[in-house]
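For reference, the structure discussed in these notes is given below.
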Amino acid sequence: MSSTDDAPSPQFENPALPEQAEVPGQAEPPTEDTSPPAPDTPVSLADRIGSIDVLRGVAVLGIFLVNSLTFDMPAPGFMNPNLPGFDHPGSDFAYALVFMVAMHKFMPIFSMLFGAGILLFTGRVEARHGHSGRRWFARQGWLWAIGLVHGYVLWNGDILVPYAVVGLPLYLVRRWRTRTLAVAAAVCFLVPMAGMYGLGVGLEYGRGVSEEARLAEAEGQELTTKQEQFREIWDGTSRSYAPTLDDLAEVSETMRGGYGSIFRRNGSELLQQHLVMYPLLVNWNIAAYMMLGMILFRAGVLSASRSDAFYLRMLLLCYGVGLPATWLSMMNHHHHFSDLILLMKGEMQLHMSSGVLVALGHIALVMLVVRRGWLAGLRNRLGAAGRMAFTNYLSQTVLGCLLFYGYGLGLWGQVSRLALLGLVLAVWTLQLLWSPWWLGRYRFGPAEWLWRSLTYGQKQPLRRD
């Protein structure tokens, strides 16, 4: 994959100009500007790179394919096809499709786009004013605030807050050499893998102490404080991954109830994630993907500037290794999901690694489609969906809450995985129709307009002339 096979794409009027990534991944390009310093303004339509818009559109739709599961079923059902009460006819097929194509594939793409966006936004601001720190930190601060409202008021699957938090320190690495970025990305990627393995070792020890406690109790012995504590921890952890029917009934009653009960439950879970799960595991992965996105953007991969042969080799290599590994991971999840220690000590590492490879294969496929000019009508709609991906991401949450939660239609737990695919397809169709319609009349999506206005400290023009 040498640079000698790079070729500018014929698909864009301005192939040398990077563009703005609209959502978490939003970015604004550096431009040659010999005029006196001008006020900060959002990137113009003429300066966009179409391939990144299309890729972002694919990513935001693909993310909903995964997120729809979290609206319809408890957390263990997200990865467990055998969850009691959720093993409807056709579930295995739907589970396999989502696992192979989408699970841990589109979130990495979104994160890579965000990493590219750091270079694009800061480059454009610095080209005009020589410094970008104040504007970047304002941008991230408002993203953090929007994410908090999104997560705690609506849905605890929010990803905006970790993007905002991780994006702050990554501002400092944007000028690192590519080799340094690659090493740092690899380290960040390995940290959560090692963390999960260590957690698996700890849980294995806890299970052993818990079993000792059960034997001692059966023999009439008095339990030590250590035995009681570890048994309580192990029982609570194992039930969270393999809930009983009574546990599921209790969750179902909450999620089909009023807003207050849902708000308290989702808020409590999200707070635990913000304090424990994200800092120890998730944020490291996001940082790794963002730095990988910087590398891919510098190499011209995300702007469809490499040759067709390059993208074909990339597709065959990443799919050729990633898809078989993903299949093996899926089989392990399917047959051994109840063995939490096995998952933590090896399976989740395979799942994350194979997911990134398939994500890179998805990127290669999208770039190849753009370069070859295939599916022109669909590409235009995906590009529009990508330009207002922030709005589409938030609207997916609103639709999911109104469809599944008790204060809406209350469909929680009643839609099979197979039927959920049909619902996802309907939402995709809606967003592919309304995105170009909206952008034909307005400059930005509603959420993009709000974020831009807050970032630049002034109301941005919305209607087209």
Side-chain angles (χ1 to χ4, degrees), residues 18-30 40 43 52 55-56 59 63 104 106-127 129-148 158-193 195 273-274 277-303 352 356 359-360 363 389-390 393 451 454-455:
E19 55 106 41
Q20 177 181 19
E22 291 281 36
V23 289
Q26 187 161 349
E28 301 181 29
D40 292 341
V43 65
I52 296 183
L55 180 59
R56 194 181 309 107
I63 280 177
H104 204 81
F106 292 106
M107 190 277 282
I109 295 177
F110 244 45
S111 302
M112 292 178 209
L113 289 172
F114 197 105
I118 296 174
L119 301 182
L120 294 169
F121 179 85
T122 58
R124 182 174 188 271
V125 175
E126 288 164 4
H129 302 285
H131 54 83
S132 59
R134 182 175 65 88
R135 189 65 67 200
W136 176 255
F137 286 104
R139 186 187 190 88
Q140 293 302 100
W142 285 114
L143 180 63
W144 176 78
I146 294 171
L148 288 178
D158 168 77
I159 199 66
L160 303 179
V161 168
Y163 275 18
V165 171
V166 175
L168 291 176
L170 286 195
Y171 172 83
L172 303 176
V173 312
R174 69 192 189 282
R175 293 197 177 101
W176 284 2
R177 297 175 58 185
T178 298
R179 180 176 300 177
T180 306
L181 279 174
V183 172
V187 171
C188 288
F189 191 66
L190 291 174
V191 166
M193 290 190 174
Q273 293 173 17
H274 283 163
M277 182 178 173
Y278 287 150
L280 295 181
L281 298 175
V282 177
N283 288 357
W284 293 91
N285 266 335
I286 291 176
Y289 302 144
M290 287 184 183
M291 286 187 278
L292 179 56
M294 293 180 183
I295 294 170
L296 293 176
F297 178 76
R298 286 179 180 176
V301 174
L302 300 179
S303 58
M352 288 193 300
V356 174
L360 291 171
I363 291 174
F390 198 177
Y393 172 71
W451 191 19
L454 293 171
T455 297

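In what follows, residues are counted from 1 in the order of the sequence shown.
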Work out which heavy atom in Phe137 is nearest to a heavy atom in Leu168; give both atom names and the distance. CD2-CD2, 3.1 Å

Can you tell me how far OH of Tyr163 sits from CG of Leu113, rounded to the nearest 0.5 angstrom? 8.5 Å

Taking Val191's backbone N and O only, do any of them form a donor-acceptor pair with Trp284's side chain (distance below 3.5 Å, no angle check)? no

Distance-minimising heavy-atom pair for Asn285 and Pro192: OD1-CG, 3.5 Å

Does the side chain of Val282 come within less than 4.5 Å of Gln273's, by heavy atoms? no

Val173 versus Ile118: any side-chain heavy-atom pair under 4.5 Å? no

Distance (rounded to the nearest 0.5 Å) between Arg175 CZ and Leu119 CG: 10.0 Å

Out of curiosity, Met112 CE to Met107 CE, how far, rounded to the nearest 0.5 Å? 9.5 Å

Listed by chain and number, what are the ring pair (Phe, Tyr, Trp, His ring centres under 6.0 Å) partners of Phe189, not counting sequence neighbours? none

Once you round to the nearest 0.5 Å, how far does CZ of Phe114 lie from CG of Leu160? 9.0 Å

Which heavy atom in Thr455 sits nearest to a heavy atom in Trp142, and how many Å separate them? N-CD1, 4.1 Å

Expected output: side-chain Tyr171 to main-chain Gly133 donor-acceptor under 3.5 Å: yes

At their closest point, which heavy atom of Pro162 faces which heavy atom of Asn283, and how far apart are they? CB-OD1, 3.4 Å

Mind jotting down which residue pairs meet the salt bridge (Lys or Arg N to Asp or Glu O under 4.0 Å) criterion with at least one end in residues 165-174? Sequence neighbours excluded, please. Glu126-Arg174

Should the ring pair Trp451 and Phe390 be called parallel, tilted or perpendicular, given that the plane angle runs from 0 to 90° and is split at 30 and 60? perpendicular

On a heavy-atom basis, which atom in Met294 and which in Gly115 lie closest, and how many Å separate them? CG-O, 3.3 Å

Does atom CE (Met193) have a neighbourhood of more than 12 heavy atoms from anything else shown, all under 6.0 Å? yes

Give, for atom CD1 of Ile295 and atom CG of Leu302, the distance between the pair rounded to the nearest 0.5 Å. 11.0 Å

Which pair of heavy atoms, one from Phe110 and one from Ala389, lies closest together, and at what distance? CZ-CB, 4.4 Å

What is the distance from atom OG1 of Thr122 to atom CZ of Arg135, rounded to the nearest 0.5 Å? 13.5 Å

Are the side chains of Tyr393 and Ile159 in contact, using a 4.5 Å heavy-atom criterion? yes

Report yes if the side chains of Tyr278 and Val166 come closer than 4.5 Å at any heavy-atom pair, otherwise no. no

Test item: Trp136 side-chain N/O and Gly167 main-chain N/O as donor-acceptor pair under 3.5 Å: yes

